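Just so you know, these numbers use all the heavy atoms, side chains as well, and skip hydrogens, waters and symmetry mates. Remember, it's a predicted structure, so these values are computed and weren't measured experimentally.
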2 protein chains.
Amino acid sequence: MPRINALPSLALMRSFEAAARHESYTMAAEELGVTQGAVSRQVRELEAAIGVTLFRRVGRAVRLSKAGRALREELAGDLERLSGTINRAIAAGDGATLLTMAVLPTFATRWLVPRLADFKASHPEIVLDLHSYTTPFSLEERRVDVAIHFGHDDWPGAALRKLFPEHLVVTAAPALVGSAGLDEKQDVFDLPLLHLTSRSEQWSDYHDSLGLGARAVFPGMRFDQFSMLIEGAVAGLGAAILPSYLIEAELASGALVEIGQVANVSGSAYYVAFPTGQKNEAVQVFSDWLIKQSKHRRSAG
Amino acid sequence: MPRINALPSLALMRSFEAAARHESYTMAAEELGVTQGAVSRQVRELEAAIGVTLFRRVGRAVRLSKAGRALREELAGDLERLSGTINRAIAAGDGATLLTMAVLPTFATRWLVPRLADFKASHPEIVLDLHSYTTPFSLEERRVDVAIHFGHDDWPGAALRKLFPEHLVVTAAPALVGSAGLDEKQDVFDLPLLHLTSRSEQWSDYHDSLGLGARAVFPGMRFDQFSMLIEGAVAGLGAAILPSYLIEAELASGALVEIGQVANVSGSAYYVAFPTGQKNEAVQVFSDWLIKQSKHRRSAG
DNA sequence: GACATCCATGAGCTTTAGTCACAGAAAAGA
DNA sequence: TCTTTTCTGTGACTAAAGCTCATGGATGTC
């Protein structure tokens, strides 16, 4: 029986949060679309309500007090969470089930999203809410029903179902290597190399796999998403190691040329992950569908 | 830049949450201290705001719709979280630093709280916010700065500092065993045995340690807090295995008699735990103090 | 020293949140 | 079957909250 009594109104909290973020009532007012006076009042009212000085008035400016800073840090997260809850309810609408998922951005744009029409057709009652992520996170912390995971079967607190392994190819634009490719595979190391932030040892591993020994570091541009890496490679910025399933179209059209292959020695693969003890049955439905999709090839798209 | 626009007002969400919990506007109104009509309006307004039917009106009653149930589950947590944030800000007040900690209830009442006067005297600027827990949890999920952990150095995502190991003794009220104790240690197994929910194998381990072989199960009352177990043992409900530091007073007064000892073979101990990457400096101050306290004995209290 | 910029605040307006009183519908009980 | 009770829904109205506007005061800036 959670007694939620006497919470200050949302308007007060929103005003404070914005004011704290900008350390300026005027800018907060602008962001919120109200007058500066309104923000000034709201903040004072909140201070009165909780009996804490949130801002120090120094000169003509306002500065967050220590207590104010502590409150803002928590409050910002809480409000965002609340806002997410409401927005998800709106998105799900009547009768529908909402499935919130965390996805790897390029996996989503190039593989998942093109297939979603099929999912929607067979399960119109499930509304998806996709969030991309580039760094690891915990499933409970973010409120996510399902996540796409790349790596190994080692996510604490999560149940994993394997989708498919990854087949990596070394590629470059024909402008860099000619449409026939390189004479010798190792010549790629004379080209500029493009890197994915989260997989920094990839070139080093490839170097090693060609019997050239392991070299610790390779310079070159870094991108945190495959989509950028792909566009970079197509634009002739350098050679890139890319999963073949992401560049079917580019290989078919000749925008990229394959100049080597990388053996999947690590056994890394794509997985569907969901919190153990998940009760949302849409999770089951969706992950079944995903696995079915992963089994049959699809005309490049 | 989290745009939190057009959130329905807190009053709407509170009304909905209460109405959903009771599945009755009348009772919700009573809880919130407003009229039934107000709740009816608020819920309708929320439904209009998010475009979702939250209640089905069946007969003279209201029932949560599927969407309503989903929303309530999330919303209840969000509101509680928000309420916690505000209440902590109020508790901390001006200038003070708040330290939220999760404690084992009996550890807190018998060991920690009696020593807190000392902490408060030396660090008046740190306000403590204690929450007891009896089941494992993740530090980030609940927003806790510090936790007292019993067991091993194995809490994922947490940094641990050891406080002290636990010394377990087998005890019973003198009414059960006489003030001189038992003739033979194993005679304790003829007495009713009291259990701590979270340590179900304790009697079995003790049985084994006396060279009597491991027996899988022992019947007997179960309690989820040591404090209950202690009172149960004092009241003569049965024999109990208890940490000596919790029952110094009872042993001294003769309310409990020691009838055996348990070797700490598992190496379990008490730890201070805090999220890795913790920046709140009060955490450091508090855990230093805790460790200092754990080193010097204290007159039984 | 004049100016611009920002926060504070009194007066007044608008919207929101709630009360009151009663209507309508459906269970419960006689 | 016919009350009676117990819900929710709603029109009319009131109180309060939330804002705006206009202006004053303080403090940097050029």
Side-chain angles (χ1 to χ4, degrees), chain A residues 4-65 67-69 72 75 79 82 86, chain B residues 4-65 67-69 72 75 79 82 86:
Chain A
I4 303 145
N5 41 13
L7 270 182
S9 91
L10 267 187
L12 302 196
M13 298 195 272
R14 277 213 298 159
S15 284
F16 164 70
E17 195 280 327
R21 185 148 32 81
H22 293 119
E23 290 212 323
S24 156
Y25 292 177
T26 305
M27 291 181 70
E30 203 167 316
E31 173 183 320
L32 297 170
V34 297
T35 59
Q36 165 270 321
V39 174
S40 173
R41 281 179 199 288
Q42 307 260 29
V43 171
R44 290 203 159 270
E45 204 172 323
L46 182 62
E47 288 183 322
I50 67 176
V52 173
T53 305
L54 298 171
F55 287 97
R56 284 176 297 123
R57 278 71 179 174
V58 353
R60 74 182 177 191
V62 286
R63 289 273 188 73
L64 266 181
S65 71
R69 195 177 323 281
R72 155 162 153 61
L75 203 54
L79 291 178
L82 196 58
I86 296 297
Chain B
I4 303 145
N5 43 13
L7 270 182
S9 93
L10 267 188
L12 302 196
M13 298 194 270
R14 278 212 297 159
S15 284
F16 165 68
E17 195 280 328
R21 185 149 31 80
H22 293 118
E23 292 212 319
S24 156
Y25 292 177
T26 305
M27 292 181 70
E30 203 168 315
E31 173 184 319
L32 297 169
V34 297
T35 59
Q36 166 270 319
V39 174
S40 173
R41 279 178 197 293
Q42 307 260 29
V43 171
R44 288 199 159 273
E45 204 173 322
L46 183 61
E47 289 183 321
I50 66 177
V52 173
T53 306
L54 298 171
F55 287 97
R56 282 176 298 121
R57 278 71 179 175
V58 343
R60 73 181 179 193
V62 285
R63 289 274 187 75
L64 266 180
S65 70
R69 195 178 323 282
R72 160 168 149 55
L75 202 54
L79 291 177
L82 195 59
I86 296 297

Exercise. Report which part of the nucleic acid A:Val62 touches: base, sugar-phosphate, or nothing (heavy-atom distance under 4.0 Å, all strands).
Key: sugar-phosphate
Quiz item: Side chain of B:Thr26: nearest nucleotide among D:dC19, C:dC7, D:dT8?
Solution: D:dT8
Exercise. Please state how far atom CD in A:Gln36 lies from atom C1' in C:dT5, giving the value in whole angstrom units.
Key: 10 Å
Self-check item: Rounded distance in Å - CZ (A:Arg63) to C1' (C:dC7)
Solution: 15 Å
Quiz item: Is any side-chain N or O of B:Thr35 closer than 4.0 Å to OP1 or OP2 of C:dT19?
Solution: yes
Practice problem: State, to 0.1 Å, how close B:Ile86 and A:Leu7 come at their nearest heavy-atom pair, and which atoms those are. | Solution: CG1-CD2, 3.8 Å
Quiz item: Taking the side chain from A:Thr53 and the backbone from A:Phe55, do they hold a donor-acceptor pair closer than 3.5 Å?
Solution: no
Practice problem: For the pair A:Ser15 (side chain) and A:Ala11 (backbone), establish whether a donor and an acceptor sit closer than 3.5 Å, ignoring hydrogens and angles. | Solution: yes
Exercise. Select one nucleotide: of D:dC19, C:dA17, C:dC7, the one nearest the side-chain heavy atoms of A:Ser24.
Key: C:dC7
Quiz item: Whole-Å distance between D:dT6 C1' and B:Glu30 CD?
Solution: 13 Å
Exercise. For the pair A:Glu23 (side chain) and A:Leu64 (backbone), establish whether a donor and an acceptor sit closer than 3.5 Å, ignoring hydrogens and angles.
Key: yes
Self-check item: Whole-Å distance separating the CG atom of A:Leu10 from the C1' atom of D:dG18
Solution: 13 Å
Quiz item: Separation of B:Leu32 atom CG from C:dA17 atom P, in whole Å?
Solution: 14 Å
Self-check item: Distance in angstrom units between B:Tyr25 OH and C:dT19 C1', rounded
Solution: 18 Å
Exercise. Give a yes/no on whether any side-chain N or O of B:Ser9 is located under 4.0 angstrom from OP1 or OP2 of C:dT16.
Key: no
Exercise. Report which part of the nucleic acid A:Glu23 touches: base, sugar-phosphate, or nothing (heavy-atom distance under 4.0 Å, all strands).
Key: nothing
Exercise. Indicate, with a heavy-atom threshold strictly under 4.0 Å, whether A:Arg41 touches base, sugar-phosphate, or nothing.
Key: base
Practice problem: Could you check how far CD of B:Glu47 sits from P of D:dT10, rounded to whole Å? | Solution: 11 Å
Exercise. May I ask you to verify if any side-chain N or O of B:Ser40 is less than 4.0 angstrom from the OP1 or OP2 atom of D:dT8?
Key: no
Quiz item: Do the side chains of B:Arg72 and B:Phe16 get nearer than 4.5 Å, heavy atoms only?
Solution: yes
Self-check item: Distance, rounded to the nearest Å, where B:Arg57 contributes CZ and C:dA23 contributes C1'
Solution: 17 Å
Exercise. Give the nucleotide from the list D:dC19, D:dG9, C:dC7 with an atom nearest to the side chain of B:Arg44.
Key: D:dG9
